[in-house]
Protein chains: 2
Amino acid sequence: MELKQQIYQNLRNQGCRITAHKRSLIEMLINNLGRFLSITDLENLIPDSVSMDTSTIYRTVMTLQEHGLIESMIDDNGLTSYMLCHELGVHHHHLICTGCGKTIIIPCQPQLWQDASQQCQFLVTHHKVEIYGLCADCQARGLKS
Amino acid sequence: MELKQQIYQNLRNQGCRITAHKRSLIEMLINNLGRFLSITDLENLIPDSVSMDTSTIYRTVMTLQEHGLIESMIDDNGLTSYMLCHELGVHHHHLICTGCGKTIIIPCQPQLWQDASQQCQFLVTHHKVEIYGLCADCQARGLKS
DNA sequence: TTGAATGCAAAAACTTTGCATAACT
DNA sequence: AGTTATGCAAAGTTTTTGCATTCAA
């Protein structure tokens, strides 16, 4: 099934309605697969033909998150950005390009902190790993970090 | 030299004045070494004998951060917390107890991303690694994650 | 004495909420 | 028809800023 249809189906299964606004927003997220988008980014991506209130964007990304369809990331300024989950349910992390926003998936390697946590009997519940830098394209474009 | 004096010296060297307010705030941070404190935490820690405006707290932690004396961390709600640097200049990460806020230092493990980044020619500039969970004490106290 | 630090009040930035209306199924 | 979603406006939070005053060196 096409990604979009999978998402619609997932939402419908839990009583969500597929409105024109949700379609637009999901469209924008699909067009930016692999790139984190802030609320402001999303606002700017809304096509002129659509009028969507900011509160609707907030509410919609919250819905998508509750359904496990998007992953989020908090930047150094405390602002949250979102993107459609890469593979539903597969835990991973990202290399995040500060030039263009593109991300590259990297596997999670919990063994890297297992020794330390076991040693002091620390019970790990969750973690945050984000690697920032410049992707090959942005380096080629001459962007500096 | 005592930690407090080191901090004062460092600030003085760059033209900062050691005011009564800064002393109080640094005192609070020293009393909570190894524990991240939010702005609200700091406000609550101000002794009754001292009156300090919130804007002063913001400005002071910013000053300390500019001088490289405190490290910060952004929680899942986008709120920033601060603590005095463990060892100035030594890069590391933390296991962070969500029960009591205590942290345990763990070394940085660049092998987490080195393979992947080299493979796709991604130039890493900085990164964020935070491991959350419950410390031994909080588990013993019966706290659940 | 002079420039940095502070309090206060106001504004800015971001997010959430209540309610009447519109839209989906 | 019944319920969810939306727009709008208002309020809530957190953070920043301008300016007159105070304080450290």
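Every chain is numbered from 1, with letters handed out A, B, ... down the list of sequences. None of these values were measured; they are calculated from a predicted model.
Between His91(A) and His126(A), the side chains place no donor N or O within less than 3.5 Å of an acceptor N or O (distance only, hydrogens not considered). Residues His93(B) and His127(B) have side chains that bring a donor and an acceptor to within less than 3.5 angstrom of each other. No side-chain donor from either of Gln119(A) and Asp115(A) sits under 3.5 Å from a side-chain acceptor of the other. Inspection of the Asn10(A) and Gln6(A) side chains reveals no N or O donor paired with an N or O acceptor under 3.5 Å.
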Every protein N/O within reach of nucleotides 23-25 of chain D N/O, cut-off under 3.5 Å:
from	atom 1	to	atom 2	distance (Å)
dA24(D)	N3	Arg17(B)	NH1	3.1
dA25(D)	OP1	Ile18(B)	N	3.4

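Between the CD atom of Glu66(A) and the P atom of dT16(C) there is a distance of 11 Å, given to the nearest Å. Going from atom CD of Gln65(B) over to atom P of dT16(D) covers 11 Å, rounded to whole Å. At whole-Å resolution of the value, CG in Asp41(B) and P in dT14(D) are 12 Å apart. The distance between atom CD1 of Ile39(B) and atom P of dT15(D), rounded to the nearest whole Å, is 6 Å. Distance Gln14(A) CD to dT25(C) P: 16 Å, rounded to the nearest Å. At whole-Å resolution of the value, CG in Asp75(A) and C1' in dT15(C) are 15 Å apart. At whole-Å resolution of the value, CG in Asn77(B) and P in dT16(C) are 9 Å apart. Here dA4(C) presents its P atom at 14 Å from CG of Leu11(B), a figure rounded to the nearest Å.
With Thr63(A) contributing its side chain and Arg59(A) its backbone, the two residues share a donor-acceptor pair below 3.5 Å.
Side-chain N/O atoms of His21(A) include one lying less than 4.0 angstrom from OP1 or OP2 on dT6(D). Side-chain N/O atoms of Ser38(B) include none lying less than 4.0 angstrom from OP1 or OP2 on dT14(D).
Every residue was checked against the ring pair (Phe, Tyr, Trp, His ring centres under 6.0 Å) condition with Tyr8(B), not counting sequence neighbours, and none meets it. Applying the ring pair (Phe, Tyr, Trp, His ring centres under 6.0 Å) criterion to His94(B), with sequence neighbours excluded, gives Phe36(B), His92(B). A search for side chain to side chain donor-acceptor pair (under 3.5 Å) contacts involving Ser38(B) returns Asp41(B), not counting sequence neighbours. With sequence neighbours excluded, no residue forms a ring pair (Phe, Tyr, Trp, His ring centres under 6.0 Å) with His21(A).
A heavy-atom distance below 4.0 Å to DNA chain D is reached by these residues of residues 42-59 of chain B, ordered by number: Ser55(B), Tyr58(B), Arg59(B).
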